[in-house]
Structure formats: C-alpha cells, structure tokens
Number of protein chains: 2
Amino acid sequence: MTKVKDTLREHDLRNTSCREDVLAILTQNNAALSHGEIERELDNRFDRVTIYRTLKTFVDKGIIHKVLDEEGLRYAVCKDQCSGSRHHHDHLHFKCTVCGLTNCIENITIPPIQLPAGYKSIETNLLIQGVCPLCNSDN
Amino acid sequence: MTKVKDTLREHDLRNTSCREDVLAILTQNNAALSHGEIERELDNRFDRVTIYRTLKTFVDKGIIHKVLDEEGLRYAVCKDQCSGSRHHHDHLHFKCTVCGLTNCIENITIPPIQLPAGYKSIETNLLIQGVCPLCNSDN
DNA sequence: CCAATATTTGCATCCCTGTTGCACTTAGCG
DNA sequence: CGCTAAGTGCAACAGGGATGCAAATATTGG
Ligand SMILES: [Mn+2]
Ligand SMILES: [Mn+2]
Ligand SMILES: [Zn+2]
Ligand SMILES: [Zn+2]
C-alpha cells in the first residue's frame, strides 16, 4: 500500500516492513487493536518488542492514538491531524460488550463538562460501553 | 474502626485483618488507589494475592468500584449504594497531571450523550485529566 | 467456651504486558 | 556501493492478574 509508505515518509520515519504492516493493519481495521492482537495478526513475523516500539513511535508522531478500555490499552489511527505534542481527539470511544470491539465514534462531540471551581481540564477521555448496532437485535 | 467492621458484616463478609485494613485505607484516602499502592501502604503485611482477592471481593459486593486512568486500574469506595450486579456511578473521575492523584468528583453529573442510531449505552466512563485545585496556581 | 466447618490466606506458579540494554542488521543517503 | 544513523531481535527484568492447593482462621451451633 502506497498510502502507508507515504504516511511513514511524511512523518520522517524509515520504511520498514514492521512499520508498514502494523500501520496497514491499523488502517484496514476500524476497531481499535491491542498490542497482542496486532502481534497475532502479524503471525509472529516480528518480535513483540519491535511492535511495541513501533506503536510507541506512531503515537509519538501523532499517527495513531491510544484507546483506553476496561481490558487495557488499544490503538487506533488518528483521523484528525495530530502531532506527538498535540493529539486532539474530542470524540468518544464505544466498547460493545457483545462482540467486544472498541471503536472510535468520530461524529459525536463530547459536550463540555462544567467542573467544580479550581479544576482545569486538559484532556477528556470518554468511554461508553453498551451494545453496537451490529449486535443490537432491537434494531 | 467500627464503621469498617459494620460494612463488612452488612455485606456478609468475614471480618479479617486484611479486609479491615484495606477498607480502612480506601475509606481514609480520598484519592483512588492502585493494588500496588495499597500493598505498599500495608507494608507487605499481606500477600499480594490476598489483597488482590480482597479487592475483587469488595468490587463484587459493591463496596468499592474500579477507576480507570492512563496508568491502569485503581479503586475507590462507592459513595452511592451499589451492589455487585449494579454499580451506578454517573460521576466523573479527575486525574491531576501535577500531583498524579485520581479522584471521584461526586457532585457533577455526566450530561447525556446522544449516540448514533443503533447504539445502546449501558455504562459511561468519563475521565478528565488536568490540574486539580491544590496544584492550580491560578487559583 | 469449644469443636466443626466453610471461608480465607499464603505460597507456588503461570501468563501477559511493558520496558531497557546491547549487539547485529538495514534503510536511506551521498 | 559503502557509511552511518536508525531500527531490530534477543535476553532479561518488573509488575499485575489469575488459579490450585494445603494450612490457618472466623463464625456458629452445641
Ligand atoms: Mn479514537
Ligand atoms: Mn468514582
Ligand atoms: Zn458489537
Ligand atoms: Zn493535583
């Protein structure tokens, strides 16, 4: 995929097969993936430390962002323009308790929350658990 | 502390020193604590597995609830009446990036979030990171 | 108050994730 | 094509979660 190579180049990253494959997997997959899931999907073709460092590099460069759910840490590609110093994600994450997938819901903006006096908000992280449309039999 | 003993009895739990001490620590502390922090506070007087099982028991009984932040899992006492099957926490959690403490903000209700069609919400988890009043020099 | 028993604990052990150091390999450049 | 900085694999460690099992103990009924 040329797109993947371009993304790497744009972020001053050398084009290696591990980086290509990890980014391709995250791009194709619309659910957020954990380190372990990515490792499995790569069929052990790379050392897990390399995958770990690849994910860290991508987060630092603003190519992917972390997604926190009850089971731990996952990763998803940034749809907005992000950089390492500034990830701006005001979208929410939805975890389906039936299929287990965690997804970014991009088109919903988190309403502003009025904090008590003295609190200064920097980053908001909203996770909603429930049932996704595909698993919802009520339609 | 009699209060602690009462709480244990009310939930049909045997009164053991590990349970007493863990619950006392969580009650006195207003910040959410991790397994490791509790272990340290107990000065290694109990096996980590015992503490682990104690926390699990408390969560199952609705005495404490999990608090998810970037660093992992923490625990805080439930202020509302909760049971194992039904933890109802509509409050938000605030993590101060200066002092590192994570707290429950009880008196703010999370505004309802309009999900796209087909999504069914069961539980909402809101974490705001920022600076707490004690660390905020702007007052 | 004591004995019986169901519960709880500590220990051993396993698995998974994250992290670092170091030597070897390789991508990208001139 | 060869140099060099960057990336990789391997070994090793730390932390947390989880389970099985035998020893210890809280509770209860006598
Ligand atoms: Mn996202
Ligand atoms: Mn809370
Ligand atoms: Zn689903
Ligand atoms: Zn603070």
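Below, read A as the first sequence line, B as the second, and so on, with proteins coming before strands; counting in each chain starts at 1.
A donor-acceptor pair is defined here as one N or O able to donate and one able to accept, closer than 3.5 Å; such a pair exists between the side chain of B:Asp47 and the backbone of B:Val49. In this structure, the side chain of A:Thr97 engages the main chain of A:Gly130 through a donor-acceptor pair within 3.5 Å. Checked by atom type and distance alone, the side chain of A:Arg19 pairs as donor or acceptor with a backbone atom of A:Arg14 at under 3.5 Å.
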Hey, can you pull the donor-acceptor pairs under 3.5 Å for the side chains in residues 99-120 of chain B, sequence neighbours left out?
from     : atom 1 : to      : atom 2 : distance (Å)
B:Thr102 : OG1    : B:Asp69 : OD2    : 2.7
B:Asn103 : ND2    : B:Asn30 : O      : 2.9

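In the hydrophobic cluster analysis, where Ile, Leu, Val, Met, Phe, Trp and Tyr join through side-chain heavy atoms closer than 4.5 angstrom, B:Ile51 is grouped together with B:Val4. A:Leu127 and A:Ile64 fall into different hydrophobic clusters, defined by Ile, Leu, Val, Met, Phe, Trp and Tyr side-chain heavy atoms under 4.5 Å apart, directly or through other members. B:Ile63 and B:Tyr52 fall into different hydrophobic clusters, where Ile, Leu, Val, Met, Phe, Trp and Tyr side chains are chained together by heavy-atom contacts under 4.5 Å.
The separation between A:Asp12 atom CG and D:dG7 atom P is 10 Å, rounded to whole Å. Whole-Å rounding puts the B:Asp21 CG to C:dT9 C1' distance at 14 Å. One interatomic measurement links the two molecules: CD of A:Glu20 to P of D:dT8, which rounds to 11 Å at whole-angstrom precision. Atom CD in B:Glu71 sits about 14 Å away from atom P in C:dG18, given to the nearest Å. Rounded to whole angstrom, the span from the CG atom of B:Leu73 across to the P atom of C:dT17 amounts to 16 Å. For A:Leu68 and C:dT17, the CG to P distance is 15 Å, given to the nearest whole Å. As a whole-Å value, the separation of B:Arg48 CZ from D:dA14 P is 13 Å. For the pair A:Glu37 CD and C:dT17 C1', the interatomic distance rounds to 13 Å; values are reported in whole Å.
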Is there any protein nitrogen or oxygen under 3.5 Å from a nitrogen or oxygen in nucleotides 1-4 of chain C, and what are the pairs?
none

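Between A:Arg9 and A:Asn15, every side-chain heavy-atom pair lies at or beyond the 4.5 Å cut-off. The closest side-chain heavy-atom distance from A:Glu71 to A:Lys95 is below 4.5 Å. Residues B:Leu33 and B:Tyr75 fail the side-chain proximity criterion, which asks for heavy atoms closer than 4.5 Å. Inter-residue side-chain proximity for B:Leu68 and B:Leu73 is flagged as met; some heavy-atom pair is nearer than 4.5 Å. The shortest side-chain heavy-atom distance between A:Asp21 and A:Phe46 falls under the 4.5 Å cut-off.
Remark on the helix from C:dC1-D:dG30 to C:dG30-D:dC1: inter-end axis angle 30°, axes from five-pair C1' superpositions, rounded to 10°.
The stretch residues 40-47 of chain B touches DNA chain C through B:Phe46, B:Asp47, each having a heavy atom within less than 4.0 Å of the strand.
Listed by first then second residue, pairs satisfying ring-ring contact (aromatic ring centres under 6.0 Å, His included) with a partner in residues 12-45 of chain A number zero, not counting sequence neighbours.
B:Gly36 comes within 4.0 angstrom of sugar-phosphate atoms only, judged by non-hydrogen atoms across all strands, and of no base.
Considering only side-chain N and O atoms, B:His35 lies nowhere under 4.0 angstrom from the phosphate OP1 or OP2 of D:dG15.
The aromatic rings of B:His65 and B:His91 stand perpendicular to each other, their planes meeting at an angle above 60°, with 30° marking the opposite boundary.
Donor-acceptor pairing under 3.5 Å, judged by distance alone, is absent between the side chain of A:Arg19 and the base of D:dG7.
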B/S/- contact track for nucleotides 19-30 of chain D, protein heavy atom under 4.0 Å: BB-----BS---
